[in-house]
Amino acid sequence: MKKTFFVVADNPALMTDLLQNASHLFEFGELIAEEDKKIFEPNDYGLTSTIGENLGAQVNLDYLDFLEVPKAWYYTTGSRDVIIGISDGSLDLEDKEFAGKSKSIRKSSLSNGHGMGVAEIAAGQGDNAYGVPGVCYDCSIYGTSYNHFSTLEQLVELSQLGVQVINCSWGLTRYYETAQQAIYEMLENGTVVVAVGHNEPFSTSHGKRVYYPAGYDKVIAVSSASHRYEHFTENILYLEEKKIYYIRDIRYYVGQTGGFKDNDTTQIPKLYPISISNLNKTIDIVGPGTGIFRYSKFKMEGKLEMTEFNQTSIVAPLVSGTIGLMFSLYPCLPAEEVETILKFTSTNIDDVEPNKPYAGMYGAGMLNTGRAVKMVFDMFAEKEPVKIENQRFSRWDFKLTSISEVVMQNQKFTEEATLNLTSKKRIVISENTDLRPNAKGKIHLKIDPTLKKECELQLRDPSILND
């Protein structure tokens, strides 16, 4: 990638000229599609920056590229009016990534910088020539503690203060009905809670262990998956000690490592359960857990380090930051529809062969921040139809209210899935769409021409509406 060039030219023939007349320098070229040009990158966007200059930490942010975060930033980089709550270790309010936009609501322990690392991923300040940008880097941050497991009173307090999304990169295995009721109260108040399914390996949990608050109803529960190598043949490694070949960090695999039957590398690998973070039926979505910048190490020790294992603590703030962007773009977005949008725009990973033994335990698939934010834009810009596509849902309750037209294609809602879809204009049921729930499911499609936008889109650049 160090020999990749991004060229802006007024004539696409330049690419052909370069390939023909400077073939010793340029082996391959491709024109960037118009839709793919709709990105925005801050000046601290790491080594994957396409704007020619990175003034921040010299680290690989390919996980943000994978999530298509620059496509989300095209529409919004966040808003100070949108507050992301961090229930975790303490923050340094004078730190350059948090200063001027953060508050500490309840005192917490340092926790080896865990809270700072989580907060940086969700909403660390971007475009400030320092560090790396958080997903919702112009959002505000409220920090609080991570105790009171039976009442979640510290989370309820944040909700009452106007926090729209709360990140909980922690959990325990005990269920409390009082905490479940607190989750319902917060959602009704407009607050979405995101929590981790936890790091316990599947080899010990066997998909049976549920951690809370992730396991509570109406909490967005997350776990981790890999994002780096597109095909397992790109990263086959050899362990001399055991004389075996193995794979690591393959895109969309829910485990970090896997091996080959009879050591035959021509066969599709099987995941090592010990490399899979806790999965179960309460998980809603997965995201990258490996190769994420460790801001706590940078802040406390001056080191540039990336995470090495499929950790879930860092996946949650990727999701929380995405939700922050969604609320920033359309402040009136109903909190109860956030989970629907995240699942509709996630990447289905059911057909990834090594994932099949774990079907039903990794949620709707892989987070895609760019698509989630664009769906919010499409719902209220009334320029292009909202597309619900390429997913197969047999459970969960979905609700979506769109001012724009909605098109469903290559989409399934079956078995116990429920869909309550309302559009101001029309709903198009296109090819390969299957709407066949069983007695426990329900499909309700409605056209309501009286629907009105509750507020206007808050775009990074208002001229985007004219694109």
The ring-ring contact (aromatic ring centres under 6.0 Å, His included) partners of Y212 (sequence neighbours excluded) come to Y175, Y216
What pairs meet the salt bridge (Lys or Arg N to Asp or Glu O under 4.0 Å) rule with one or both residues in residues 355-366, with sequence neighbours excluded?
E353-K356
Would E305 and R294 pass as an ion pair if we require N to O under 4.0 Å?
yes
By the salt bridge (Lys or Arg N to Asp or Glu O under 4.0 Å) test, which pairs, at least two apart or in different chains, include something from residues 193-212?
E200-R209
Which pairs would a plain distance check flag for residues 320-329, meaning a side-chain donor or acceptor within less than 3.5 Å of a matching protein atom at least two apart in sequence or in another chain?
unit_1: S320; atom_1: OG; unit_2: N167; atom_2: OD1; d: 2.8
unit_1: S320; atom_1: OG; unit_2: A316; atom_2: O; d: 3.2
unit_1: T322; atom_1: OG1; unit_2: L318; atom_2: O; d: 2.8
unit_1: T322; atom_1: OG1; unit_2: T369; atom_2: OG1; d: 2.7
unit_1: S328; atom_1: OG; unit_2: S79; atom_2: N; d: 3.2
unit_1: S328; atom_1: OG; unit_2: G324; atom_2: O; d: 2.7

Using ring-ring contact (aromatic ring centres under 6.0 Å, His included) as the criterion, list what pairs up with Y130, not counting sequence neighbours.
F298
Does NZ in K281 sit with more than 12 non-hydrogen atoms of other residues, nucleotides or ligands closer than 6.0 Å?
no
Y176: partners by ring-ring contact (aromatic ring centres under 6.0 Å, His included), with sequence neighbours left out:
none
When you measure from the side chain of S223 to the backbone N and O of V286, does any donor-acceptor pair fall under 3.5 Å?
no
Please list, chain by chain and in numerical order, all residues satisfying side chain to side chain contact (heavy atoms under 4.5 Å, CB included) with D378, sequence neighbours excluded.
K374, E384, V386
Applying salt bridge (charged side-chain N to carboxylate O under 4.0 Å, His left out) to K399 and not counting sequence neighbours gives E336
Restricting to ring-ring contact (aromatic ring centres under 6.0 Å, His included), what partner residues turn up for Y245, sequence neighbours left out?
Y238
For residues 65-75, which residue pairs qualify under salt bridge (Lys or Arg N to Asp or Glu O under 4.0 Å), counting only residues two or more places apart or in two chains?
D36-K71, E68-K71
Scan for salt bridge (Lys or Arg N to Asp or Glu O under 4.0 Å) pairs involving residues 138-149, sequence neighbours excluded, and state none if there are none.
R80-D138
So L435 and M408, do their side chains get closer than 4.5 Å, heavy atoms only?
yes
Using the test side chain to side chain contact (heavy atoms under 4.5 Å, CB included), find all partners of D127 that sit at least two apart in sequence or belong to another chain.
P42, N43, Y137
